[in-house]
Engineer: 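Submitted below is the structure of interest, expressed as structure tokens.
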Amino acid sequence: MKSDFEPISAELRRLFAAEREYSPAAVELRERALSRARESLRSAPRPPARVWDFRQARLLLVAAAMALAAAAFAKRGQLLQLVGTPSPSVPAAAGPSEASTPQTPPVQAAEQAAPDVSSAAPAVHTEKKESAPVARPAALTDPYQLELALLQRARAAVASERFPVALRAIAEHQRRFATGHLREEREALRVKALAGLGRVDEAHRAAEKFREHFPDSVLSPRIEGAVREAP
Amino acid sequence: MGSAHLASSLPSAVVTEERSCFAAFQREFDYLCRTLRRLGVRSEDLEDEVHEIFLVLNRKWGEYDPSRPLRPYLFGIAFRVVAARKRRRAHEQPGHFDDVADGAPRPDEALETALARATVLRALTRVPLARRAVLVMHDIDDVPMREIAEALSLPIFTGYSRLRKARREFEAAVQALQKRNREP
């Protein structure tokens, strides 16, 4: 339980307690939001793989430990052979590692000594360690990020009634991502922006096209509303 | 139809991840909507903003450590989504008390509780967003400051400083509201 760093007044305690008993969101809002979320999963690029999976990490650690042990073992075998063979012409004494020979590099010896490990996890090279792939932070080279950034701009402009700005962002999205993942959202915003500017005929045409292309869209009610309320 | 059809074309690991992300979103939906309202989002903007949260959550789901509590993580995403929206609008105006009408109280709801909640939402609009987030997490969601600092990427002392200021601002706003309500 968190400790109270400075106690608050009884009135604030009462208000906050009341606020904790908030009502659930409206059913229609929930249904629309979940439907949109499902649709996004269907159309969006796959999310990056989990960067840090604890089971994978344990497996990697075990694999690394075994590979190091095998490498150490092989080294020991080589040392024993060196100690046991004062001249190069004497054949190598039987060492504890069957897989290692004086000519076998330690890396290959480690891998040969631990075939199960290498098949289960990426091989750990003692000379050049390859780190596990790290997910790069999403940069604006990712097409989905670019699409999203453009449409966020358009949506913000619609929300603040800067409809010409919205149409410019929509046009840019159309030019760069004509068949992008978020074209449904783009066309919905187009209807709203046109309706907001009072370009009623164009808004109607855009709404009709929207219905044609996205007949089951969860955004349809809002578009119909925008067209109806156009100045 | 939705998730079964979706699942058929994806590798099983991805489907499991997406299902758990979607399930978490579904489970915490009411909390997310209420958090957005507390952070100043209007009712008519809720749907878009909560969808934005889902998009971010889905993208970042692989980074979430399931051994940590989920709500502070969700709050951090909600805060950043709302903050980004405010930055895009280029200016921040102090909220007007009438912007955050909470809708009619449910028939079975004590009027006093409904009025208290409306007061909280209105008073919160008078607290700047960065401080409001700390106040909401600490005093309403009951999250320890250490977790708040992590969710909002703050030093702990900054968190305490913001909480102190936010409480003063909130209390002043409540008093102003109550005074206004008493006036004829």
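What you see below is based on every heavy atom in this structure, not just the backbone, and it leaves out hydrogens, waters and symmetry mates. Here is the naming used below: chain letters follow the sequence lines, and residue numbers restart at 1 for every chain.
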Engineer: Please lay out, stage by stage, how E6(A) and R167(B) fare under the test side chain to side chain contact (heavy atoms under 4.5 Å, CB included).
Structural biologist: CA-CA 10 Å; E6(A) 281 169 8; R167(B) 280 178 174 176; 3.8 Å; yes
Engineer: Heavy-atom pairs under 4.5 Å with chain A - which of F54(B), F170(B), Y31(B) has more of them than the others?
Structural biologist: F54(B)
Engineer: Quick one: are R117(B) and S23(A) in side-chain contact, heavy atoms under 4.5 Å?
Structural biologist: yes
Engineer: Would you please say whether a donor-acceptor pair under 3.5 Å links the side chains of T113(B) and E21(A)?
Structural biologist: no
Engineer: Please report the shortest heavy-atom distance between V120(B) and L15(A), naming the atom on each side.
Structural biologist: CG2-O, 3.5 Å
Engineer: Rounded to the nearest 0.5 Å, what separates atom CD1 in I140(B) from atom CZ in R20(A)?
Structural biologist: 7.5 Å
Engineer: Name the region of I148(B), side chain, backbone, both or neither, that has any atom closer than 4.5 Å to a heavy atom of chain A.
Structural biologist: neither
Engineer: What's the spacing between R30(A) CZ and E47(B) CD if we round to 0.5 Å?
Structural biologist: 13.5 Å
Engineer: With a 4.5 Å cut-off on side-chain heavy atoms, are Y22(A) and R37(B) touching?
Structural biologist: no
Engineer: Can R14(A) and E112(B) be said to form a side chain to side chain contact (heavy atoms under 4.5 Å, CB included), step by step?
Structural biologist: CA-CA 11 Å; R14(A) 181 187 74 83; E112(B) 200 179 315; 3.8 Å; yes
Engineer: Measure R146(B) against the heavy atoms of chain A and call it side chain, backbone, both or neither at under 4.5 Å.
Structural biologist: neither
Engineer: Nearest 0.5 Å, please: how far is CD in E19(A) from CZ in R34(B)?
Structural biologist: 4.0 Å
Engineer: Which atoms of E44(B) come close to chain A, meaning under 4.5 Å heavy atom to heavy atom: side chain ones, backbone ones, both, or neither?
Structural biologist: backbone
Engineer: Can you measure from CD (E49(B)) to CZ (R155(A)) and round to the nearest 0.5 angstrom?
Structural biologist: 6.0 Å
Engineer: Nearest 0.5 Å please: distance from the CG atom of L29(A) over to the OG atom of S43(B).
Structural biologist: 9.0 Å
Engineer: Begin with the C-alpha distance, continue with both residues' side-chain angles, and end with the deciding distance and a verdict on side chain to side chain contact (heavy atoms under 4.5 Å, CB included) for R32(A) and H51(B).
Structural biologist: CA-CA 10 Å; R32(A) 284 199 307 268; H51(B) 183 64; over 6 Å; no
Engineer: Identify the heavy atoms of D30(B) and A25(A) that sit nearest to each other, and give their distance.
Structural biologist: OD1-N, 3.0 Å
Engineer: Kindly indicate whether the side chain of L55(B), heavy atoms from C-beta on, has any atom under 4.5 Å from the side chain of S40(A).
Structural biologist: yes
Engineer: Indicate the atoms forming the closest heavy-atom contact of A33(A) with F25(B), along with that distance.
Structural biologist: O-CE2, 4.3 Å
Engineer: Which atoms of L12(A) come close to chain B, meaning under 4.5 Å heavy atom to heavy atom: side chain ones, backbone ones, both, or neither?
Structural biologist: side chain
Engineer: So that I can tick it off, tell me whether R13(A) and D139(B) are bridged by a salt bridge, with the cut-off set at under 4.0 angstrom between side-chain N and carboxylate O.
Structural biologist: no
Engineer: Side chains of F16(A) and V136(B): does their closest heavy-atom pair fall under 4.5 Å?
Structural biologist: no
Engineer: Between CD1 of I8(A) and NE2 of H138(B), what distance do you get to the nearest 0.5 Å?
Structural biologist: 9.0 Å
